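Heads up: the structure comes next, in structure tokens.
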There are 2 protein chains.
Amino acid sequence: MKLTSKGRYAVMALVDLARFNNINPVSLRDISLRQGISLDYLEQIFLKLRKKEIVQSVRGTQGGYILNKKAKEIKLINIFEAVDEKVKTVQCKKESKKGCNGKAVKCLTHNLWDELENHINNFFDKKSLEDLVKDNSERRVSNG
Amino acid sequence: MKLTSKGRYAVMALVDLARFNNINPVSLRDISLRQGISLDYLEQIFLKLRKKEIVQSVRGTQGGYILNKKAKEIKLINIFEAVDEKVKTVQCKKESKKGCNGKAVKCLTHNLWDELENHINNFFDKKSLEDLVKDNSERRVSNG
DNA sequence: TATAAACCCGACTAAAATAGTCAAGTATCT
DNA sequence: AGATACTTGACTATTTTAGTCGGGTTTATA
């Protein structure tokens, strides 16, 4: 059970963006350098973030990206969904009338995995980008 | 972020085993048939479960596996650990004095992933095999 | 108006992980 | 003796991941 780089990078990049989100857009090149993430990969990620209206792009020289909503309103779950980082605990489709593995009944542990999914998504639902930025600046202060 | 089959199968198989865990050992063949899991794969999984002393094996005809502890005492976290289904949210080693990605400081989101890991492991810590067996038999009754 | 910075986008690919399979055992019951 | 069932290591196809690459388009500015 592991978090993929895509999801991690998306969050890292957005925290970075949120911190420098003044009037000027932030270029992916800067984020790439600061966070040590491949520029090409970042572009793929931001394409998705833009399509889900989490960020806005500014083209041309001096261009870059800006947040499209307030940091408070951007939850982790939105970010993960945007980059297709879903929490998947079961193979079987929830919608299907049939049970798991094509059997007539739900597998013995179906409810468990549903619970787990909810448990994790609940965490993602509560955390906002603002929380992360705050947490980070507080830590910086307290660490000297 | 997804749960692998190995972890899922391990839990499914153990719930199955716990339900039929009377005096007689349960053969992997039976579990394989009931749960629709490849016998060869089950053998791999039970090898690990046995090494971690979650189950005990009985060789020969009429052999199989039995639980090595009370269902109440077997937590999900033990099962997952046994089959190497770890929760991994960060690439960076926790032990290293250095920060993430070889940088001098922790990445902006390091604490977040730690929190997430704890959140998930907390769930696994609380659930026991007994809980799952109970939950299942209750559901069967209420569903008719 | 040329140039460079930066976003836009699809296609490709190497490496790793996953989810098994296969083969050749050993132990035990009947 | 034969069947059942655990034991173990090696192998492999498939899928996913984590990118790379190449060619665009847009826009500020010198």
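Proteins get letters first, then strands, A, B, ... in listed order; numbering begins at 1 in each. Source: prediction; values computed, not measured.
Atoms CG (A:Leu39) and C1' (D:dT20) sit 11 Å apart, rounded to a whole Å. Remark: P of C:dA5 and CG of A:Leu33 are 13 Å apart, rounded to the nearest angstrom. Computed from coordinates, the B:Leu3 CG to C:dA19 C1' distance equals 14 Å when rounded to whole Å. Protein atom CZ of B:Arg8 is 11 Å distant from nucleotide atom C1' of C:dA19, rounded to whole Å. A:Leu49 places its CG atom 15 Å from the C1' atom of C:dC9, with the value rounded to the nearest Å. If you take CZ of A:Arg29 and P of C:dA4, they are 14 Å apart, rounded to a whole angstrom. B:Lys88 places its NZ atom 13 Å from the C1' atom of D:dT17, with the value rounded to the nearest Å.
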Stepwise, does the side-chain hydrogen bond (donor to acceptor under 3.5 Å, both in side chains) test hold for A:Ser5 with A:Arg8? CA-CA 5 Å; A:Ser5 288; A:Arg8 242 182 320 117; 3.0 Å; yes

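Under the 3.5 Å distance criterion, the side-chain polar atoms of B:His119 are matched with a main-chain donor or acceptor of A:His119.
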In a table with atom names and distances, give each donor-acceptor pair under 3.5 Å that connects a side chain of residues 68-87 of chain A to protein atoms at least two apart or in another chain.
residue : atom : partner : partner atom : Å
A:Asn68 : ND2  : A:Glu53 : O            : 3.0
A:Asn78 : OD1  : A:Lys75 : N            : 2.9
A:Asp84 : OD2  : A:Lys48 : NZ           : 2.6
A:Glu85 : OE1  : A:Thr4  : N            : 3.4
A:Glu85 : OE1  : A:Thr4  : OG1          : 2.3
A:Glu85 : OE1  : A:Gly7  : N            : 3.4
A:Glu85 : OE2  : B:Met1  : N            : 2.4

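Proximity of A:Ser27 to the phosphate of C:dC7: no side-chain N or O atom is located under 4.0 Å from OP1 or OP2. Look at A:Ser57 and you'll find a side-chain N or O under 4.0 angstrom from OP1 or OP2 of C:dC8. When the side-chain nitrogen and oxygen atoms of A:Tyr65 are compared with OP1 and OP2 of C:dA6, none of them lie within a distance under 4.0 Å. Between B:Ser5 and C:dA19 there is a side-chain polar atom (N or O) within less than 4.0 angstrom of OP1 or OP2.
Contacts of A:Lys2 classified as salt bridge (charged side-chain N to carboxylate O under 4.0 Å, His left out), with partners at least two apart in sequence or in another chain: none. In terms of the side chain to side chain contact (heavy atoms under 4.5 Å, CB included) criterion, residue partners of B:Glu43 (sequence neighbours excluded) are, by chain and number, B:Leu28, B:Leu39, B:Asp40.
Of all heavy-atom pairs spanning B:Phe46 and B:Leu17, the tightest one is CE2-CD2, 4.0 Å. Between A:Ser27 and A:Gly63 the shortest heavy-atom distance is CB-O, 4.0 Å.
Nearest-nucleotide positions on DNA chain D place B:Asp40 closer to the 5' end than the other of B:Asp40 and B:Lys2. Between B:Thr4 and A:Gly63, the residue whose closest nucleotide on DNA chain C is further toward the 5' end is A:Gly63.
Clustering ILVMFWY residues whenever any of their side-chain heavy atoms sit less than 4.5 angstrom apart, transitively, puts A:Ile66 in a cluster other than the one holding A:Ile45.
Among pairs with a residue in residues 119-131 of chain A, those fulfilling salt bridge (charged side-chain N to carboxylate O under 4.0 Å, His left out) read A:Lys127-B:Glu115, at least two apart in sequence or across chains.
Distances were taken from every side-chain heavy atom of B:Leu28 (C-beta onward) to each of C:dA6, C:dC7, D:dC6; the shortest belongs to D:dC6. The nucleotide whose nearest atom lies closest to any side-chain atom of A:Arg50 is, among D:dC6, C:dC8, D:dT20, C:dC8.
If you check residues 41-48 of chain B against DNA chain C, the residues with a heavy atom closer than 4.0 Å are B:Tyr41, B:Gln44, listed by number.
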Summary of protein contacts for nucleotides 24-30 of chain D, nucleotide by nucleotide, where a base hit scores B, a sugar-phosphate-only hit scores S (4.0 Å, heavy atoms): BBBBB--

